[in-house]
Amino acid sequence: MEYPFTRIEKKWQQIWRERRIFNPPDFPDKPKYYVLSMFPYPSGVLHCGHFSNYAISDAISRLKMMEGYAVMQPMGYDAFGMPAENFAIKHNSHPRITTEENIAAMRVQFDFMGFGLDWEREISTCRPEYYKWGQYLFKKLYEKGLVYRKKSWQNWCEECQTVLANEQVENGQCWRCHSEVTQKELEQWYFRITDYAEELLDFSKLIDWPERVILMQKHWIGKSEGTRIEFPLEDGSESIPVFTTRPDTVYGVTFMALPPEHPLVQKWLEEDPDNRELHDFCHKVINEDKLLRAAEDTTKEGVFSGRYCLNPLNGNKVQIWVTNYVLMDYGTGAVMAVPAHDQRDFEFARKYGIPILLVIQNPQQDLVLEQMTEAYVEPGIIANSAPFDGMDSEAAKAAISARIEELGCGQVTSTYRLRDWGISRQRYWGNPIPVIHCPQCGVVLVPDSDLPVLLPDNVQVGKTTSNPLLSVPEWYMTVCPKCGAAAKRETDTMDTFVDSSWYYARYADPKNDKAPFDPAKAKHWLPVDQYIGGIEHACMHLLYARFIGKFMRDLGWLDCDEPFSRLLTQGMVLKDGAKMSKSKGNAVDPGYIIDRFGADTLRVFLLFASPPDKDVEWSDDGVMGAFRFLNRVWRLIEGNLDAIRRGLQLNVKLEEVTPPLRDLLFSTHSTIKKWMDDCQNRMQYNTAIAAVMEHLNHCVAVKDPARLKDSDLAVFAEACGVIPQLIYPFAPHVAEELWQMLGHEKLLHDSGLPACKEEFLQRASVTYVVQVNGKLRGKLEVAPDIDPEELKKLALEVENVKHSLQGWTVKKVIVIPGKMVSIAAGKQ
RNA sequence: GCGAAAGUGGCGGAAUUGGUAGACGCGCUGGACUUAGGAUCCAGUGGGAUACACCUGUAGGGGUUCGAGUCCCCUCUUUCGCACCA
């Protein structure tokens with residue numbers, strides 16, 4: 001017989017809805033707990049990965065409710081973006097329509113699972129009431145000088161017909177469609193995330209973020225400390241700033257390396273239209289595949305520009321080369337080349353016969369220039385550097401930097417690998433950038449009263465090769481809000497990561513039509529206490545959201561430094577070792593599983609299969625195992641209902657409990673203890689469930705419960721009676737039903753945590769293991785408070801121990817309280 | 001190349017501070033029961049062996065320790081992130 005999961009699940013979903021247990025007020029009288037899962041893109045289907053994510057967040061949420069918190073667990077849709085646009089093209093429809101249809105379809109699936117979500121707070125980023133405030137936020141950023149426009153070489157995805165931010169390029173491919181990313185020169189809007197680089201490196205306010213994610217962000221931001229030095233051009237007209245982490249090698253500079261994109265190089269190209277060599281080289285390199293050009297094994301190439309600059313420290317003439325190995329967008333976009341002490345410069349200098357000058361000597365073994373096959377990059381003793389000779393090179397870094405600052409030709413500084421966030425997208429289905437381009441006034445922000453800039457509906461989606469909004473003149477043709485002249489709207493839309501960089505705050509006040517949210521409400525609910533999502537967003541969404549969170553704090557809208565206190569990166573759901581996907585044909589339909597075994601079974605399976613942060617390997621048999629477990633729980637309680645209900649009225653009198661039930665009593669309380677530790681401290685639900693299974697096995701083993709004497713019956717009833725509480729976070733529907741059957745009035749979220757009573761954790765006897773030289777040789781059942789000396793004596797008298805000690809001499813006996821006696825013996 | 005994490009039965013995974021390796025589940029083997037089910041219950045299940053005083057075993061090799069899956073050194077493999085960052 002299978003337990004009636006369909007009836008039960010429907011019933012409790014309805015009761016929860018009616019009692020509004022998942023709809024906390026704005027200012028609850030209990031302490032708050034904010035649980036958030038990264039919102040999904042509305043594809044129309046929830047797959048196993050979603051369910052695994054939400055099963056985890058729902059378990060946390062229900063646990064916190066039992067613990068007495070007012071829990072908010074909202075849900076919404078990351079609805080703008082390329083996939084929606086492509087989906088609509090494929091179905092010959094409009095993204096607005098397909099997106100809303102998909103949202104409706106997904107809502108049904110959410111409901112089937114019975115997740116404790118507050119649907120009154122639902123948001124969808126593609127609705128004007130939401131994106132209006134994204135535009136407002138853009139304006140705030142602009143007003144604070146954190147938005148600018150710049151023409152430069154962009155990561156361009158031909159397939160998606162749009163640019164991509166650096167974070168969105170993976171191994172030279174688009175993060176979404178995995179087609180090759182090329183370079184295109186475009187004028188783009190940027191958010192100055194680099195202004196927050198230093199603060200983004202401060203991870204101290206994050207309580208439980210995976211070390212891995214912190215490390216990834218740290219590397220991504222890539223702070224490096226060094227010195228900025230100005231190298232004046234020979235003619236004195238201007239100077240080239242460089243950034244170096246090796247100021248100790250300045251005297252060894254023999255050439256200057258510039259990328260073709262460098263403004264000075266661009267200027268020279270204009271001045272010397274006839275310099276074919278330079279023109280050809282620059283043209284070739286700029287149009288080269290960026291990935292290829294950046295590859296480490298790409299041959300270093302360059303041409304001499306024919307110009308010189310001067311080393312500010314000694315006045316030496318320095319050749320200026322245009323090369324393919326310097327990046328325009330890192331540091332100052334120029335490198336002082338020290339071939340003796342930098343491998344790249346070394347290779348380049350050898351290839352083009354540029355002089356090499358040793359300025360650091362290896363203290364172990366003198367370097368001889370002619371014999372060097374690679375650069376010497378280790379610290380050493382300064383040489384050929386006039387006043388600094390003989391100094392330790394590490395000390396010289398500071399000394400030479402100080403000298404540079406004294407001379408006024410540079411300063412100690414830091415530079416970051418992180419670039420500003422390019423947020424323009426040449427796509428239709430996104431939030432319009434609230435800007436008007438006026439021929440007279442230039443860039444003009446759309447006044448607040450005109451927000452939102454509504455996305456027009458009548459766009460020829462997918463038919464254009466250029467920005468789709470350019471096909472709607474009646475939309476982009478407008479008048480300048482300042483001077484009234486004919487003007488043109490910005491036709492780029494915002495990166496969808498802008499939408500998701502502040503949504504967590506909107507949930508605190510999702511229907512506000514006067515502001516993005518009421519700061520008082522947001523300050524109450526934020527930060528998010530537990531955030532859950534995939535690790536793929538480590539350097540994208542999670543970095544952007546931290547940045548915008550800090551910005552909103554600086555506006556006074558929030559009072560937390562970090563939007564997400566705790567982060568859990570959940571694993572993927574795999575089948576046959578590979579990520580489930582429709583294209584691979586290995587996807588499992590969660591709908592079928594729910595129909596056949598119920599939502600609780602699916603949840604238990606997903607949570608039991610592995611710890612939350614590890615991948616889950618799908619297994620049909622595993623689902624059966626979860627189903628069997630819930631059936632066993634059902635049969636235990638339903639089959640002994642009268643006895644349990646009777647026993648729950650009785651008190652446990654310890655002295656009257658018979659030994660087998662004494663063990664069950666211990667099991668009840670040690671299980672509660674382990675369960676609490678696993679759920680609250682370790683966030684390891686697989687072992688929490690395993691502990692309940694083990695306890696269930698003990699309960700089931702009790703024979704003829706109805707005939708137990710009072711104290712034994714009380715123990716049995718308590719043992720069984722606590723199980724609904726223990727499975728509530730994982731299988732809430734069946735838990736709630738059983739809890740009600742046991743006669744409880746309150747719902748489980750309001751039942752408090754099960755109590756572990758220390759006095760029942762005392763056992764009548766303890767098993768000690770006896771080891772001889774690390775090998776298990778016997779066991780002892782003794783009183784828990786046995787005298788150690790007595791215990792040693794007993795251990796040495798164990799038959800098997802005596803036998804294995806024959807011909808050996810005992811050297812030491814070690815007692816590990818409650819666990820073992822270890823005997824060290826030697827040959828004598 | 002650099003950085004990080006990991007490697008435990010036939011499988012998913014336990015072992016939290018160095019203390020009985022393999023909890024729990026799946027699968028498998030044998031049995032019981034049966035209004036034959038995707039049922040339930042009982043027993044067994046790391047590998048050996050001369051099968052209850054044994055040996056061996058956590059990728060491989062060394063080391064520390066009374067005791068190592070856990071700590072240290074070396075090697076191998078896998079996964080992930082970054083990748084000319086000056």
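Here the separation of C24(B) from G44(B), taken at their P atoms, is 12 Å to the nearest Å. Straight-line distance between the C1' atoms of A43(B) and C33(B): roughly 15 Å, to the nearest whole Å. Comparing the C1' positions of G30(B) and U78(B) gives an interatomic distance of 39 Å, to the nearest angstrom. The C1' atoms of G7(B) and G13(B) are separated by 14 Å, rounded to the nearest whole Å. Using atom C1' as the reference point in both A14(B) and C72(B), the two lie 26 Å apart (nearest Å). Comparing the C1' positions of A21(B) and G69(B) gives a spacing of 7 Å, expressed to the nearest Å. Comparing the P positions of C74(B) and U79(B) gives an interatomic distance of 23 Å, to the nearest angstrom. Annotation: G9(B) and G47(B) have their C1' atoms spaced 9 Å apart (nearest Å).
The heavy-atom pair separating Val588(A) from Pro590(A) by the smallest distance is O-CD, 3.1 Å.
Note that CG of Asp420(A) is 3.5 Å distant from OG1 of Thr194(A), once rounded to the nearest 0.5 Å. Rounding to the nearest 0.5 Å gives a distance of 7.5 Å between NE2 of His341(A) and CG of Leu357(A). In this structure, the separation between OG1 on Thr332(A) and CZ on Phe243(A) is 9.0 Å, given to the nearest 0.5 Å. Here Leu568(A) contributes atom CG and Trp209(A) contributes atom CH2; the two are 12.0 Å apart, rounded to the nearest 0.5 Å.
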Would you please test Thr245(A) and Ser224(A) for side chain to side chain donor-acceptor pair (under 3.5 Å) and show each step?
CA-CA 7 Å; Thr245(A) 54; Ser224(A) 81; over 6 Å; no
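Residues passing the side chain to side chain donor-acceptor pair (under 3.5 Å) test with Asn681(A) are Asp677(A), sequence neighbours excluded. Applying the side chain to side chain donor-acceptor pair (under 3.5 Å) rule to Asn697(A) yields the partners Arg632(A); only residues at least two apart in sequence or on another chain are considered. With sequence neighbours left out, Asn155(A) forms a side chain to side chain donor-acceptor pair (under 3.5 Å) with Asn166(A), Gln183(A). Qualifying side chain to side chain donor-acceptor pair (under 3.5 Å) partners for Glu198(A), counting only residues two or more places apart in sequence or in other chains: Lys223(A), Tyr416(A). Partners of Phe497(A) by ring-ring contact (aromatic ring centres under 6.0 Å, His included), not counting sequence neighbours, listed by chain and number: Trp175(A), His537(A), Tyr544(A).
Taking the six-membered ring wherever Trp is involved, the centroid distance between the rings of Phe348(A) and Phe255(A) falls below 6.0 Å.
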Nucleotide by nucleotide, nucleotides 7-21 of chain B touches protein heavy atoms under 4.0 Å in the pattern (B base, S sugar-phosphate only, - none) -----BSSSB--BB-
Each nucleotide of nucleotides 28-44 of chain B classed B (base within 4.0 Å of a protein heavy atom), S (only sugar-phosphate) or -, in 5' to 3' order, makes ----------BSSS---
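Sorted by first and then second residue, the pairs that involve residues 601-613 of chain A and meet side chain to side chain donor-acceptor pair (under 3.5 Å), not counting sequence neighbours, are Asp58(A)-Arg603(A). Pairs of residues two or more places apart, or lying in two chains, that qualify as salt bridge (charged side-chain N to carboxylate O under 4.0 Å, His left out) and include a residue from residues 332-344 of chain A are Asp342(A)-Arg344(A).
Looking at residues 339-351 of chain A, you'll see Arg344(A) sit with a heavy atom under 4.0 Å from some atom of RNA chain B.
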Restricting both atoms to N or O, compile the protein contacts to nucleotides 80-82 of chain B shorter than 3.5 Å, with distance only.
| from | atom 1 | to | atom 2 | distance (Å) |
| --- | --- | --- | --- | --- |
| C82(B) | O3' | Arg417(A) | NH1 | 2.9 |

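The glycosidic torsion of G31(B) lies more than 90° away from 0, which places this base in the anti conformation. Syn is the classification of A51(B), since its glycosidic angle stays within 90° of 0.
Taking atom CG of Leu726(A) as the reference point, atom C1' of C24(B) lies 15 Å away to the nearest angstrom. In this structure, CG of Leu805(A) is placed 13 Å from C1' of A53(B), rounded to the nearest angstrom. Separating the CG atom of Leu606(A) from the P atom of C24(B) is a distance of 22 Å, rounded to the nearest angstrom.
Interface remark: the Lys811(A) side chain does not form any donor-acceptor pair with the C66(B) base, using a distance-only criterion of under 3.5 Å.
The existence of a salt bridge linking Glu2(A) and Arg596(A) is confirmed by a sub-4.0 Å separation between a basic side-chain nitrogen and an acidic carboxylate oxygen.
You'll find the side chain of Val801(A) stays beyond 4.5 Å of the side chain of Val821(A), heavy atoms only.
Among C84(B), C85(B), C24(B), the nucleotide with an atom closest to any side-chain atom of Arg419(A) is C85(B).
Within the 4.0 Å cut-off from OP1 or OP2 of G67(B), not a single side-chain nitrogen or oxygen of Lys812(A) is found. Dashed line: the shortest gap from a side-chain N or O of Ser224(A) to OP1 or OP2 of A86(B) is under 4.0 Å.
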Pairs under 3.5 Å (Watson-Crick or G-U), crossing ones as [ ], inter-strand ones as |: RNA chain B comes out as (((((((..(((......[....)))((((((.......))))))(((.....)))..(((((..]....))))))))))))....
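Within a 6.0 Å sphere centred on NZ of Lys351(A), other residues, nucleotides and ligands contribute more than 12 heavy atoms.
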